[in-house]
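Remarks on the structure that follows.
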Amino acid sequence: MGKKLKIAVIGAGGIATGAHMPGYAKMDNVEIVAICDIKIEKAKKLADAYGVKQVFENYEDVLDIPGLDAVDICTPNYLHSVIAVAALRKGLHVFCEKPDAISVEEVEKMKAAADESGKILMVMRNNRYMPISYFMKKYIENGKMGEIYAARCGWQRRRGVPGKGGWFTTKEQSGGGPLIDLGVHMIDLTMWLMGNPKPVSVTGCTYMKFADTDTSDSVNSAFGEKNAEGTFDVEDLAMGFIRFENGACMQIEFSWASNVEREKRFFELRGTKAGAKWSDVDEKLKIFEEEFGSTVDYLPNIDNTKGIQMHEGNLRHFVDVLLNGTDPMFVPQQGVNMVKILEAIYKSAETGREVIL
Ligand SMILES: NC(=O)c1ccc[n+]([C@@H]2O[C@H](COP(=O)([O-])OP(=O)(O)OC[C@H]3O[C@@H](n4cnc5c(N)ncnc54)[C@H](O)[C@@H]3O)[C@@H](O)[C@H]2O)c1
């Protein structure tokens, strides 16, 4: 058997427990050598569940584990850049949860540390690993959509604030509300399908109207720990518009709470040869073409709920890049472009003006 990759997981909360550890447990080329959490009992509980031998309270100690290849950062957002930079400077590869970082300054530090160390820095982009995403990418790469010149995407929640009063709703620790939390997922998927065009300007509005509601109808809002005495100083709805260097544009909408029918995650693409739409309401990918003088709907029979789980798919890709030298599907510049968009939408919402990137 070939080399086993030694990885330490930092942050033993919802995503580490619900997705990362179950994913690694299925990979026989990975050994999780340590789990770290400032709440040591959480690290111990997760380590016990997976037979991991070492637990740590302080991430700096993790970086000195002999023979460690990589860290996987599953902490609140404001620690992503701090821990990633420290790990890269120690010569470790880094996998990090989204969003990449809470500011452009911090994401640029991460990219610089990766460039200087020559190590891999990959940030979670799990939606690229859905079965429909794979199909759509192949369809586009085969030229079947022609030029993609416009898109829409979003993740609307009716009621679904994660960890209310905890770090998710505290701007200093999260960087913002649904725009930074959910926006990364669908803006990334849509931009990736469009061939990662360079963003050049954005405009946006943000609102905070539901800080007082405790109603939840979203399973996803179970992430993060609530704090009844805590802070809520982030938006609950963001809408915006992104222009790209190649002339393409994208409309976006992200909410944790808004008066819409139900939770929905979606993208729509408009190409010169075909259009496409997908949402998790029915999980169906629909493609719209024109042939022999008629419009034609093309409905791929893909069960988007089956196959490899998307987080596991992304982690497997990271492992594959490290062990087999596969070309990374994510490069740090994509993270810089993403955080530039997000930060500029917040700035535009504050100033009421378009922001040039
Ligand atoms: N890709 C996805 O689908 C997805 C889904 C949920 C969350 N996330 C991301 O995962 C990250 C974690 O989110 P979560 O929902 O698991 O949050 P969480 O609050 O459940 O877990 C975070 C954990 O980090 C620990 N922590 C805090 N400071 C630490 C430090 N200095 N050192 C070590 N551990 C520390 C906390 O004690 C907590 O256990 C966030 O960045 C979030 O955006 C991604």
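Every value quoted in this text rests on a predicted model; they were computed, and no experiment measured them. For the numbers below, each heavy atom of this structure counts, side chains included, while hydrogens, waters and symmetry mates do not.
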*May I ask you to decide whether R270 forms a salt bridge with E268, counting only side-chain N to carboxylate O separations under 4.0 Å?*
yes
_Nearest non-hydrogen partners of D214 and K164, listed with the distance_ = OD1-NZ, 3.1 Å
_With a 3.5 Å distance limit and no angle check, can you tell me whether N304 reaches the backbone of E283 through a side-chain donor-acceptor pair?_
no
*Exam field: side chain S117 to backbone A114, donor-acceptor pair closer than 3.5 Å*: yes
_Between R316 and D320, does any NZ, NE, NH1 or NH2 come within less than 4.0 Å of an OD or OE carboxylate oxygen?_
no
Distance-only criterion, 3.5 Å: show the donor-acceptor pairs between side-chain atoms of residues 236-251 and protein atoms not counting sequence neighbours.
unit_1: D236; atom_1: OD1; unit_2: K209; atom_2: N; d: 3.3
unit_1: D236; atom_1: OD2; unit_2: K209; atom_2: N; d: 2.7
unit_1: D236; atom_1: OD2; unit_2: F210; atom_2: N; d: 2.5
unit_1: R243; atom_1: NE; unit_2: E354; atom_2: OE2; d: 3.3
unit_1: N246; atom_1: OD1; unit_2: A248; atom_2: N; d: 3.0
unit_1: Q251; atom_1: OE1; unit_2: R152; atom_2: NE; d: 3.2

*Under the side chain to side chain donor-acceptor pair (under 3.5 Å) test, which residues partner S258, sequence neighbours left out?*
S255
*asked:* Under the rule for ring pair (Phe, Tyr, Trp, His ring centres under 6.0 Å), what residues qualify as partners of F95, not counting sequence neighbours?
replied: F318
*Go through the steps for H80 and E106 under the test side chain to side chain donor-acceptor pair (under 3.5 Å), then give the verdict.*
CA-CA 9 Å; H80 291 180; E106 290 206 341; over 6 Å; no
*Take K286 and D297, measure what side-chain contact (heavy atoms from CB on, under 4.5 Å) needs, and give me the verdict at the end.*
CA-CA 7 Å; K286 297 176 187 161; D297 294 355; over 6 Å; no
*Show the numbers, then the answer: is there a side chain to side chain donor-acceptor pair (under 3.5 Å) between E225 and W167?*
CA-CA 8 Å; E225 289 173 22; W167 71 262; over 6 Å; no
For residues 174-185, which side-chain donor-acceptor pairs fall under 3.5 Å, sequence neighbours excluded?
unit_1: S174; atom_1: OG; unit_2: F168; atom_2: O; d: 3.1
unit_1: S174; atom_1: OG; unit_2: T170; atom_2: O; d: 3.1
unit_1: S174; atom_1: OG; unit_2: G176; atom_2: N; d: 3.2
unit_1: S174; atom_1: OG; unit_2: G176; atom_2: O; d: 3.1
unit_1: D181; atom_1: OD1; unit_2: K98; atom_2: NZ; d: 2.8
unit_1: D181; atom_1: OD2; unit_2: W256; atom_2: NE1; d: 3.2
unit_1: H185; atom_1: ND1; unit_2: N127; atom_2: ND2; d: 3.0

*Looking only at atom types and distance, does a side-chain atom of N142 sit under 3.5 Å from a main-chain N or O of K144, one as donor and one as acceptor?*
no
*asked:* If we ignore hydrogens and angles and just use 3.5 Å, is the side chain of H20 paired with the main-chain N or O of C74 as donor and acceptor?
replied: no
_Once ring pair (Phe, Tyr, Trp, His ring centres under 6.0 Å) is applied, do any residues pair with H311, and if so which ones, sequence neighbours excluded?_
none
_Set of ring pair (Phe, Tyr, Trp, His ring centres under 6.0 Å) partners for Y139, sequence neighbours left out_ = Y298
*Taking the side chain from S218 and the backbone from G160, do they hold a donor-acceptor pair closer than 3.5 Å?*
no
*Any donor-acceptor N/O pair, N77 side chain to Q173 backbone, under 3.5 Å*: no
